[in-house]
2 protein chains.
Amino acid sequence: MYQSTLNWSLAILDKTIPDVIVGRLPRYLGTLEQMEREGINKTSSQELGERLNISAAQIRKDLSQFGEFGKQGTGYSVPFLVERLRSILKVDRMWEMVLVGAGDLGHAIARYQGFTDCGFTIAMIFDNDPAKVGVNIGGFRVEDVANLVSKVKSRTIQVAMITVPASSAQAVADCLVQAGVRAILNYAPTVLNVPSGIRVQYIDPVIHLQRMTYYLD
Amino acid sequence: MYQSTLNWSLAILDKTIPDVIVGRLPRYLGTLEQMEREGINKTSSQELGERLNISAAQIRKDLSQFGEFGKQGTGYSVPFLVERLRSILKVDRMWEMVLVGAGDLGHAIARYQGFTDCGFTIAMIFDNDPAKVGVNIGGFRVEDVANLVSKVKSRTIQVAMITVPASSAQAVADCLVQAGVRAILNYAPTVLNVPSGIRVQYIDPVIHLQRMTYYLD
DNA sequence: TAGATTGTTAATCGATTAACAATC
DNA sequence: TAGATTGTTAATCGATTAACAATC
């Protein structure tokens, strides 16, 4: 009896946020960080919405899912909202990432400086090409993918990026899951099958381009 | 009177397809092309849905916006559906693209082999760094961004990719619009302001990563 | 205080799913 | 024919917008 009451109240408190809202939070955070760099200390749902092409009502509704972050009449404190969003998105810490695939794209990502300030850092790079294993990229020695499972497991890394050809992406994903990875950013143009509970996001320029040519003539 | 009747019937025939549907079409096409490579000639909304993690009803509904492509009892012809989707998405032709930004990411994209079979080809590469102008990347001589507007205009290129730092992305976008570009794939982590009628798609790994860490702990 | 802007409710809008007659 | 699967309609579900009392 007590148990079920407890569960019920927890269920209320711990309400599930729709994925479409979660998907907008990183965009809010990015724009607010930009405002911070510009020295802006206060903002409103209106102003934020204009920067993002999102309605003010939607921004207020989204943010209100997580607490009352604003003040009537004055709006939101930019640094406070940045701090809250970082905490909500769990990027108030540093996530170590594995990068699998040391081709051109893997190189570019390994050398990209934009991850650190956003809560991410590359910890290991793997490839299956003997010619690449041992090579230094962005300060890391490329490791043999054959050792991926044990090495990733031993460092309890939860986030991975896949930049291998489509034909080997599923096999790589299987290894990553086996190694305990729970979030995968897949640059290979193929759908990955993963157990439920493992998050996958896709980056495929062709998908974006084809979505635009529909409107051209 | 006749005019308004004509406009009305055109409006009916030329119904606007929701953007969320257009966004799924490239994914359908990619999976069907994969099936074609696997030698599969016939498929069903059910089978396609399983590959994409999309409901069969949704796939049938989406496709039916554009015509009756299937047969009761037997499903869809894979090559026929591929042909139809290529035509709908206008990738039954080749789109020339401008690439602006010859850094690591620009290099990787310029050397990527995956565009050609999907209806795209890089035609020109620009950068503002004197050290990069003149260099050969993927068979192209990097051009000075100062000449972008005239050169792009003269070749009537409509599609562009931006791989410059966030701080110069808006200025580049302005030039591209001035040069007649109508679709921009922006890899810089910043929102672009463009006139209505110009399409923009964004690729930002940090957005995707932060959207996943929300679910981790 | 007067003006501005929040958080929230109710209304609207749009997208997804279920179901099934049509038919291959 | 019997089984399978479409295209489409109606029902459901969910997301966005409008509006406003509360209040800084």
Side-chain angles (χ1 to χ4, degrees), chain A residues 11-28 31-32 35 40-85 88 211 214, chain B residues 11-28 31-32 35 40-85 88 211 214:
Chain A
I12 294 295
L13 291 170
D14 191 20
K15 70 172 178 304
T16 302
I17 306 294
D19 191 59
V20 67
I21 294 183
V22 176
R24 280 190 293 261
L25 299 184
R27 302 178 56 203
Y28 297 166
T31 300
L32 288 158
M35 285 176 165
I40 300 171
N41 251 279
K42 285 271 170 199
T43 190
S44 63
S45 55
Q46 167 101 40
E47 185 186 31
L48 194 50
E50 275 163 16
R51 291 217 183 199
L52 284 157
N53 300 317
I54 290 178
S55 80
Q58 178 151 88
I59 289 174
R60 290 202 303 280
K61 190 126 209 278
D62 286 353
L63 295 175
S64 74
Q65 306 293 311
F66 302 94
E68 306 195 358
F69 300 148
K71 279 203 192 18
Q72 284 103 324
T74 61
Y76 301 91
S77 153
V78 174
F80 177 71
L81 205 45
V82 163
E83 184 269 316
R84 293 311 307 138
L85 284 170
I88 291 163
R211 185 179 181 154
Y214 172 82
Chain B
I12 294 295
L13 292 169
D14 193 20
K15 70 173 179 304
T16 302
I17 306 292
D19 190 59
V20 68
I21 294 183
V22 175
R24 280 190 293 263
L25 300 183
R27 302 178 55 206
Y28 297 166
T31 300
L32 287 159
M35 285 177 165
I40 299 172
N41 251 280
K42 285 272 167 197
T43 191
S44 63
S45 56
Q46 167 99 42
E47 185 187 32
L48 195 50
E50 277 164 13
R51 291 218 183 197
L52 285 157
N53 300 317
I54 290 179
S55 80
Q58 179 150 90
I59 288 174
R60 290 201 302 280
K61 192 125 207 280
D62 286 354
L63 294 176
S64 74
Q65 306 293 310
F66 302 94
E68 306 194 357
F69 300 149
K71 279 204 194 14
Q72 285 102 327
T74 61
Y76 301 90
S77 154
V78 174
F80 177 70
L81 206 45
V82 163
E83 184 269 317
R84 291 312 308 140
L85 284 169
I88 291 163
R211 181 177 186 156
Y214 173 83

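Every chain is numbered from 1, with letters handed out A, B, ... down the list of sequences. Since this is a predicted model, take the numbers as computed values, not measurements.
Interatomic distance, B:K42 NZ to B:M35 CE, rounded to the nearest 0.5 Å: 13.0 Å. Interatomic distance, A:L25 CG to A:F66 CZ, rounded to the nearest 0.5 Å: 4.5 Å. Taken to the nearest 0.5 Å, the CZ atom of A:R51 stands 4.5 Å off from the CD1 atom of A:I40. Residue A:L48 holds its CG atom at 7.5 Å from OH of A:Y28, rounded to the nearest 0.5 Å. Put simply, CZ on A:R24 and CG on A:D19 are 10.5 Å apart, with the number rounded to the nearest 0.5 Å. Interatomic distance, A:S45 OG to A:K61 NZ, rounded to the nearest 0.5 Å: 14.0 Å.
Put simply, the side chain of B:L85 reaches to within 4.5 Å of the side chain of B:L63, judged on heavy atoms. A heavy-atom distance below 4.5 Å is found between the side chains of A:R60 and A:Y76. Side-chain contact between A:R27 and A:I54 is present, with heavy atoms from C-beta onward closer than 4.5 Å.
Shown for residues 41-57 of chain A: residues whose heavy atoms fall under 4.0 angstrom of DNA chain C, namely A:S44, A:S45.
If you find the closest nucleotide of DNA chain D to B:E68 and to A:G73, the one lying nearer the 5' end belongs to B:E68.
Chain B approaches DNA chain D within less than 4.0 angstrom (heavy atoms of the protein), and the contacting nucleotides run 5' to 3' from D:dA4 to D:dT9.
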Toss me the dot-bracket line for DNA chain C: Watson-Crick and G-U wobble, both under 3.5 Å, 5' to 3', using | for pairs to another strand and [ ] for crossers.
-> ..||||||||||||||||||||||

